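Structure record follows, encoded as structure tokens.
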Amino acid sequence: MTRTSSSDAPVVAGAPAPAAARPSRLRSAGRLLAGRVVSAVVVLWGAATVAFFAQQLLPGDRATVILNIRTGRAQRRTPEELEPIIAQFGLDRSVLQQYLDFLRGLVVGDFGTSYQQFRPVTAILGEQLAATVTLSLVAIAISWVLMVVWVTLTAGRGPRVGAVGSGVDVVAAGLPHYWLGIILLLVFALGLRWFPVMGGTGPAGIVLPALTLAIPLAGFMAQATRTEFERALEQPFVVSARMRGMGDTAVRLRHVLRHAVLPAVTLSGWALGATLSGAVVVESIFSRPGIGSVLVTAVNSQDLPVVVGVVTLVAVVYVVANLAVDIAYTLIDPRVRLS
Amino acid sequence: AAGSASSSSGERVEGGTIVYAHQQEPPCVFGGWIEQAYLSYQVLDNLVSLDEDGEVVPWLAEEWSASEDGLTWTFTLQEGVQFTDGTPVDAEAIAYNFDYWVAGGNSTAQVWLQDYYESANAVDERTVEIHLKAPYPRLADNLTQGYFGIQSQHALETRSDEENCAAPIGSGAFTVEHWTRGQNITLVRNDEYTSWPANAEHTGPAYVERIDWRFVPDGTTRVAALQSGEVDAVYDVPAVQWQSVEDGGFELHRYITPGRPQQLSFDTKEGPFTDQLVRQAFAYSLDREEIVGTIGHGVIPWEGNGGVSQATPGYSEKAAGWYSYDPDRANELLDEAGWTERNSDGVRLKDGEPLKVVLPYGAGSILNADGAAILQGVKEQASEVGFDVELVPVPQSELFAGAYSTPEERDFEVGYWTSVTAGILYINWRPSTEEAPNYNNGAFYDDPELAAIILEANSTADVEAQNALYAKAQEYIAERALAIGLYDRLSTLAVDPSLRGVWQEHAQGGPTFYDAHFVQ
Amino acid sequence: MTALRPARSPSRPSRRRAPWSLAPAAALVGFLGIALVAPQVLATHDPFALDYAAALQPPSLAHWFGTDESGRDLYSRVVFGTRESLAIGLGAAAVGLAGAIVLGALAALGPRPVAAAVDRLLEVLFAFPALLLALLLIAIAGPSALTQILAVGVGTAPGYARMVRGQILAAKNSGYVQAAVALGHTRWRILRAHVLPNALRPLVAVFALSVGQSIVWASSLSFLGLGVAPPSPEWGALLDAGRTYIVQAGWLVVIPGLVIVALALTATTLGRHLQAGLERGEK
Amino acid sequence: MTAIDTAVRFERAERRDVPPAPRLRVRGLDVGFRVDGAVRRIVSGVDLDLAPGECVAIVGESGSGKSVTARSLVGLTGRGAVVEAEELSLHGRDVRRFRSRDWRRVRGREVGFVLQDALVSLDPLRPVGAEIAEALRLHGVPRGERRARVLELLAAVGVPLPELRARQRPGALSGGLRQRALLASAIALDPDVIIADEPTTALDVTVQAQVLSLLEERKRRGASIVLISHDLSVVARLADRILVMRSGSVVEQGPSTDVLRNPVHDYTRALIAAVPSAATRGRALSPVAPPAAALGSSRPAPAAADAPVLRARGLVKRFVRPDGTETRAVDGVSFDLAPGETLGIVGESGSGKSTTAKLALGLEEPDAGTVEVLGEPWSPLPESRRRERRRLISVVDQDPLSSFDPRWNVERILVDALPEAERRDAARRRARVRELLELVGLPEAVLARFPLRLSGGQRQRVAIARALAPRPSVIVLDEAVSALDVTIQAQILDLLTALQRSSGVAYLFISHDLGVISHLSDRVLVMKDGVVVEEGTAESVFERPAHPYTRELVASIPDLPLAASAS
Ligand SMILES: Nc1ncnc2c1ncn2[C@@H]1O[C@H](COP(=O)(O)OP(=O)(O)OP(=O)(O)O)[C@@H](O)[C@H]1O
Ligand SMILES: Nc1ncnc2c1ncn2[C@@H]1O[C@H](COP(=O)(O)OP(=O)(O)OP(=O)(O)O)[C@@H](O)[C@H]1O
Ligand SMILES: [Mg+2]
Ligand SMILES: [Mg+2]
């Protein structure tokens, strides 16, 4: 029988009296949730802090940068020119003070004002979030469909089909977004004219960008899923289902798939963050609005509040996505409990 | 789209939405970037407009004149013009706008005006006086640029920065309807429009209902969108696609931007280029015509003049032709300058030091891909005579942070500056002093003699005489090889045949949609 | 030794024939090896020489991969770009893995507070899109090959660090470590003899995988114009430069892209085989 | 749907008319697997007949082809299988020409199959009720009737609280319940052929007894059963006829009493002799002599009166489960282990045997109680002080493979276990390693091999050699032979006996297998829920069990009508 390893599970040796150690289910669920929230807050705080200090390391005088951004000209500035900016953004305060102010802002959901757009960062991000999240979710959904169909069709079908199947996985996973995007654009928008070149946010416009993100992701997930799929196919419970008279396709869809997709579910949470990276490139290729382009523009022009805002937002997305993944995981595999 | 040209009967269609793809999204509709000038040009009216022949013609101002001493300009406004917020376009508002620009409300307007502007005051409802510190006879010409769009004083005073940034209130043919950041700005027709410029093709409100001003950074995508009919007009057609767009039956507009061309200014304060011989050698080592001709596919004109572009009044052919491709001469000059040895890579040495020069450039911002390719040609050709040019693409963030802005950090400055007149020379070459630093003087060339020529030209009322002085300044620059031209910056526009009446305004080449209309 | 046939060992040593999928990979590795050491052997042209008369020519016998906007031979540029591209890939993978090992080891073996802190840090870093980390780093240090290496390395390290942590924990909780404890070996000895070697061994394969990934990542940065300075023929930079000409001269984009994909695939294939080999317990 | 239904019904009607021919008839079954292009023959020339109401058992050591044979009968031999037979018929139909559709109709309805790996043969992600209902669904039982049928079936296989269990997932069920649920899914459509592949392995004896009676019940109701097992005592209880397989061929077959009492073939004899039990104590189980070295220079076994080498007093170990509840895995366990003695610990799964072993080894710290080794304190000491005395107490695990560093070959594994002094001296080191190999009967060739390339028996020998290397006084063996084949197990048990005789080492021997315990132990500890419920000499415990639990245990040991020839 399997050994219960001593440090995999959170084991507290020599816990106190048994009466106290039998909390109600509700209470332990509450504790788990509280732990989740605490760790989420830590992640958010950490991400925002890293971003804040990373930006402090950026070269150049901040007031100059702000002025240059506003005027769209790259040059040195006289102290007189800079004075109002310094006053406006409190740049003469110590870094610590700025950091504390920044944290205070974070707590009340105030990320400050964009240097460039004069607008609250929350407004800028609020506008762009939907486009990117839609893109990400559509991409993840497409990649799931691609992945499930492909793996179900090709996994565990003998060496030759398997080689083709996993070969395609590897190729797909290795395709760089920028290249794939350009090729898709070239073929399907410029060549065949099936899709608009600059789709904007409409449904037709999302196909190519989403595919660009989805194909490598599908390949990536398929690699993990395929391994699991083939492992699951060999599992006795699968043979046992066959012994009951179940057909191959049914076995694959009803039993094997559910086991095989677990790693892909985990990957999906991570993928939401990764597609954000991809979005930077894809949004540029397909001229789409979104967090990715905001980020590139902001980093490019050292629009500190926006960058920090994006980072924190991404961390939020990451935390939420992981929570969702955990929940999905427990739905698919009730054996695991939130931990 | 190719077929639509022949099938159209030419009958004007009322209304409609123009979908226009522009390359870069500015942070605000109004401001000191050229992108902003293009945009605000649809929304704001200027005092005056520049017509096809380079003549200043009435717009908000019916007439204008400068005083005898050139120090006071009087503008008389059209009657009954209103801003779209209902307040009148009166002398008060104009004076307010001048003060607003100079105070930093528009950085480019500020640079133009700050050394000359004294004050502005409303004489009566329709008359405004501008007082200058020194005569500036080309003031009206300059005021035709988009940076000088007039905004509602009431809006500037009562609305937030954010609101004025996103949707400035002017009296123009269109108003800002909505800005979807990262995607587009929609402009909607001002039905009450009364203040069209004198060089417009029609009167009354604009023909089209709306402009969907999209931001599409990638040139290939823009052109493809035009070809597939997704957009009606695009800005900045990549040179390599020019021919195919033309073959597709699209209407092409090309505007050579007056002002400073894309040029190389040499660092005259530090490094090898402090030696005039070396600068000249560098100039001789390049076959700029060949480089630009190939990379620019015959669309981008090459430019020899380092001071102003060929589209600028007062352009000097002589200055442009000063240096031709002459590697032998370049070698001689370098030998003469003491760079006699060469190392194994063929780089010249002097006292053991290699002839290495750093050429930073704003990749993707100041120079587009074509420009970057041209610089690679420069690097390669200069290496023939023994220069080791280090190309440093600098991201915008670093530029904004002031990277490569000191003489120690770089040996060249590359870039352009749009301007209606050769007055740009003043901005670029005014000596930098302790009390009045001039960071726009990229050559770090503080020469009172050159400054004097330019200053004199600035204040010379007679156009001929003024141009002669400006030409003299250009030749002065050429002779000393302070800057050499590379190519002229272009504003290009490709328009679907179903859309007529789009023209490039003559101050900066931005698209003008006031007269635009669809045809059947 | 016995009358009965001994139980068959579960995995018969499979024949040591290289699988077919390795053949192209090996060929490519060989080619790249030469390109790395002596590109001039493979190149047909000077990769930097301008030939404006021959600009934008499609692939032909004279120019196998065609020419770019300045008439430079793309094939020769690709060959010469190998060194920089691979150096960036290898460097970034090395930086990433080194960082991952340090962080992962701290998280798995460090004293409790340190481990907890590093754990959190990893989670925080993991929450960052890798590209964002890279963008920040490039914004701080300016674009160059070195920054690219660091940026990609730093961007990928958190993911690998989690893996390293898992590996070390798995090794730490393994039966052989328990056996070593029961034999009375010291902690340090167990760490050195069992935990680290077993935990880090799979990293050989991961390294190969990571090289491929890193090259793709680095080329993404180049594509965004944040890579090495032109006219360097680094592959990502080639792609970026070719983008303008995609309609008229598609080969300028397609070919460097294919090269990058091929290399990433090769690295992945090799990495997988290594991994599989290691899993089979072959030496 | 209806068309198929009627067709099937028609077939059944037809079947009733034919004389009671064998339900299953196999002649000359050859099975091979395609590996790297070549076909590796696994099963050759197997003949088999299965009459109605008959139980045929297939026995044989691991890897002899039992499962492959069984699975070939339902067309699920596995990937790359090449199945050939002169005759292969089911209910008189030639199944060699079956297409996958035909097979699907047969499986589950006509042949119920209980797979070997019972504990993992139910989808862990689905409630067991759904798994059973699936069998019904696949063969056209309408949705409305399924639920009731499922509960009926669960009740029929003796699952208490069927309503609750049907909703639970396999993970929430004990091994016995899982095994029964699997059985329920196999017999859901009342097939008249049941193939049960090792239906009782990995089950506690008590549960094993329940499962066997279940199969007996089906047989009584007229089902034909193919029973596969390596455990002869299980076979003895159920089978009418026995097939003994070795290396893919049937070496002997006949009525079960004949085969068990008068085995003809040497192999069958060895197989029978290898079964450990109280009766075999002190006797070699395997015809293969244990290595000479182990038997040689027999030291006189120290008297039991000597001071104990290992002494445990009042050991308690608590664990907190992830859900916050607490278990007392070990609750007040005390024992003494004299030099040269074997103390067996027996008990069902989860009773705390392994935890006790870990406490004794000092791999876990007790929450209360102490352990002494050779009269000196052991458990309260910090690890650093325990370290130099660790050589006194060694361990052999159930799963030797995972206890070896996969990167190390046998030589390195053994050298690593040598005391410092011997390790440093090259000559002594080599001599000692060779000596250890000899002791456990391994050829020197294995020194260069890696654990993965060793057979199960060889691995266990290496593990024993490693345990012997520091010349310990005590070896703790936790299920050390449970994963081995009977014949291999017999060799290892013989080896252990011999080693104890020659070196006087004491064993703390843990097993759930009562036969093994009674064969080897001097004294026995019976554990249940962390508590020692009974303790005493092996004879007294097995012959006169005092505690009801022990009585239950002993009662459920299936007997083997032992062959007189096994001497
Ligand atoms: N799908 C397969 N491919 C290749 N070889 C296989 C396959 N299935 C089984 N074998 C081999 O066939 C032989 C017999 O296996 P089988 O499972 O029938 O043994 P068994 O008698 O049931 O043993 P056990 O008692 O361990 O279950 C083994 O050596 C095994 O490795
Ligand atoms: N590290 C651990 N954490 C939590 N619970 C544990 C741990 N180790 C053992 N247990 C629990 O303690 C109990 C006794 O376990 P132990 O492994 O000693 O049983 P066992 O008698 O050896 O069973 P088996 O025959 O299955 O090996 C079980 O309920 C088990 O789940
Ligand atoms: Mg078997
Ligand atoms: Mg145990």
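What you are looking at is a predicted structure, and each value in this text was computed from that prediction instead of being measured. Here is the naming used below: chain letters follow the sequence lines, and residue numbers restart at 1 for every chain.
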Query raised in the report: Do you know which two heavy atoms are closest between A182(C) and L363(D), and how far apart they sit?
Result: N-CD2, 4.3 Å
Report task. Identify which part of A193(C) has an atom lying under 4.5 Å from any heavy atom of chain D, answering side chain, backbone, both or neither. Result -> both
Query raised in the report: Any idea which of A171(C), P197(C), S174(C), A180(C) has the most non-hydrogen atom pairs under 4.5 angstrom with chain D?
Result: P197(C)
Query raised in the report: For R385(D), does the CZ atom sit with more than 12 other heavy atoms under 6.0 Å from it, leaving out its own atoms?
Result: no
Query raised in the report: Non-hydrogen atoms of chain D under 4.5 Å away: do they reach the side chain of R189(C), the backbone, both or neither?
Result: side chain
Query - Exercise: identify the closest heavy-atom pair between R466(D) and A179(C) - result: NH2-CB, 3.5 Å
Requested in this report: To the nearest 0.5 angstrom, please state how far the OH atom of Y176(C) sits from the CG atom of D397(D).
Outcome: 14.0 Å
Query raised in the report: Of the listed residues (V177(C), T186(C), N198(C)), which shares the most heavy-atom pairs with chain D below a 4.5 Å separation?
Result: N198(C)
Report summary line: Shortest non-hydrogen pair, V181(C) vs E383(D), comes out as CG1-OE2, 4.2 Å
Query - More than 12 heavy atoms of other groups within 6.0 Å of R391(D) CZ - result: no
Requested in this report: Determine the minimum heavy-atom distance between R407(D) and H194(C), stating which atoms define it.
Outcome: NH2-CA, 4.1 Å
Requested in this report: For residues R387(D) and G184(C), report the shortest heavy-atom separation together with the two atoms involved.
Outcome: CG-O, 2.9 Å
Query - Under 4.5 Å from any heavy atom of chain C - which part of I413(D) - result: neither
Requested in this report: Examine whether an atom of D416(D) lies under 4.5 Å from a heavy atom of chain C, and if so say whether it belongs to the side chain, the backbone or both; otherwise answer neither.
Outcome: both
